[in-house]
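Some notes on the structure that comes next.
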Amino acid sequence: MNVSALLFWPVAALTLAGAAGAAFARNLVYAALSLGACLAGVAGLYLFLQAEYVAVIQMIVYVGGILILILFGVMFSRDVLGTSSRPTVGGRVLAAAAGVAASVSTVRLALLVPGLRGTGLAEVRSPVDSWIGQISTNSPFHLGSLLLDAWLVPFLVLGVLLTVVLVAALGLVRKDAA
Amino acid sequence: MIDVFLAGPDRLLPYLLLAAVLFSLGVVSVASRRNAVGYLMGIELMLNAANLDFVAYGRFRGAEPAAEAQVAALFVIALAAAEAAVALALVYAVFRNFRDVDLDKIRTLNGD
């Protein structure tokens with residue numbers, strides 16, 4: 001067991017605890033802050049997966065951007081403490097059923113991945129040895145050339161979409177909008 | 001099975017199970033929250049679970065799939081940012097008209 005194995009489970013626990021807080025905390029501010037912990041934990045998991053660039057972008061866009069937007073959104077809520085709008089019994093049952101169904105199906109899918117079944121999923125190890133000398137394929141430089149080569153059209157479409165979305169968001173919050 | 005949980009970061013299974021739990025918690029959040037912003041948090045949880053799956057699968061398939069998976073994850077992150085911007089603009093518009101963002105109390109088109 002090496003250092004990364006020792007660090008992995010605390011990061012995984014932080015992610016899970018943050019997600020549980022985001023899903024179950026009645027106080028919306030606590031829920032938003034737990035979501036922040038969860039997003040930071042996912043960024044840590046990206047580091048374990050050797051996706052450093054994605055981890056940095058996760059911290060900048062999610063924790064630095066989306067989480068702040070959500071915290072602003074919480075201010076529009078009348079019932080931040082969640083005292084008057086407890087979910088009904090039917091709502092709780094429905095949510096629990098949806099959660100159980102989603103976890104059963106996703107865990108089942110995770111255990112039945114085609115192509116990995118023959119080797120046994122528990123045996124799939126990281127191909128670190130075969131990666132020596134290939135680490136540069138994972139660098140931001142390589143990701144950038146992928147974006148401007150094989151993924152050029154989706155990249156341009158995404159740029160147009162972001163422009164449209166930001167103009168639309170401005171239009172929605174205009175003073176004279178209905 | 002136990003040694004999978006001891007091995008940690010070098011195996012695929014822990015990431016898949018984590019992503020599955022994250023996704024389920026997102027579903028629970030979407031199904032139980034009555035507040036528009038809480039609803040949005042559930043959606044972000046689900047998007048993160050999908051992203052984690054992308055990157056984990058790519059990582060354990062080799063170098064080139066790993067890079068492709070990371071590009072896909074970057075696209076998802078950008079789309080999530082766009083979605084959050086529009087959703088918060090909608091929350092603001094709803095707040096201005098109804099003075100509340102409780103999804104159960106917004107029922108003007110509902111007839112009562």
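Per chain, numbering begins at 1; letters A, B, ... match sequence-line order.
Of all the listed residues (B:Ser29, B:Ala19, B:Ala20, B:Ala85), the one sharing the greatest number of non-hydrogen pairs under 4.5 Å with chain A is B:Ala20. Ranked by heavy-atom pairs under 4.5 Å with chain A, the first of B:Gly38, B:Ala31, B:Ser24 is B:Ser24. Ranked by heavy-atom pairs shorter than 4.5 Å toward chain B, the options A:Leu39, A:Val42, A:Val54 are led by A:Val54. With chain A as partner, the option from B:Val91, B:Asn48, B:Leu74, B:Val55 having the largest number of non-hydrogen pairs under 4.5 angstrom is B:Asn48. Contacts with chain B were tallied for A:Ala23, A:Ala96, A:Gly99; A:Ala23 has the most, counting heavy-atom pairs under 4.5 Å. Between chain A and the options B:Asp53, B:Leu79, B:Leu52, heavy-atom pairs under 4.5 Å are most frequent for B:Leu52.
Defined by atom type and a distance below 3.5 Å, a donor-acceptor pair is missing between the side-chain atoms of A:Gln58 and B:Asn51.
Looking at heavy atoms from C-beta onward, B:Pro14 lies in side-chain contact with A:Phe8 at the 4.5 angstrom threshold. A heavy-atom distance below 4.5 Å is not found between the side chains of B:Glu44 and A:Leu67. Contact check for B:Leu40 versus B:Arg33: no side-chain heavy atoms found under the 4.5 Å cut-off.
Heavy atoms closer than 4.5 Å to chain A are found nowhere in B:Ala36, neither backbone nor side chain. Contact annotation for B:Ala73: only side-chain heavy atoms (C-beta onward) come within less than 4.5 Å of a heavy atom of chain A. The parts of A:Ala32 that come within reach of chain B are both its backbone and its side chain, each placing non-hydrogen atoms under 4.5 angstrom from that chain. For B:Val21, the part sitting under 4.5 Å from any heavy atom of chain A is the side chain, from C-beta outward, and nothing else. With a 4.5 angstrom heavy-atom cutoff, B:Leu25 touches chain A via backbone and side-chain atoms both. For A:Phe48, the parts lying near chain B are the backbone and the side chain together; criterion is any non-hydrogen pair under 4.5 Å.
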Donor-acceptor list for residues 144-170 of chain A side chains, cut-off 3.5 Å, not counting sequence neighbours:
from     : atom 1 : to       : atom 2 : distance (Å)
A:Ser145 : OG     : A:Phe141 : O      : 3.0
A:Ser145 : OG     : A:His142 : O      : 3.0
A:Trp151 : NE1    : B:Glu68  : OE1    : 3.1
A:Thr163 : OG1    : A:Gly159 : O      : 2.9

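In this view, B:Phe54 satisfies the ring-ring contact (aromatic ring centres under 6.0 Å, His included) rule with no residue, not counting sequence neighbours.
The line from CZ of B:Phe60 to OH of B:Tyr15 is 5.5 Å long, rounded to the nearest 0.5 Å. A:Leu35 contributes atom CG, which lies 11.5 Å from atom CG of A:Leu28 (distance to the nearest 0.5 angstrom).
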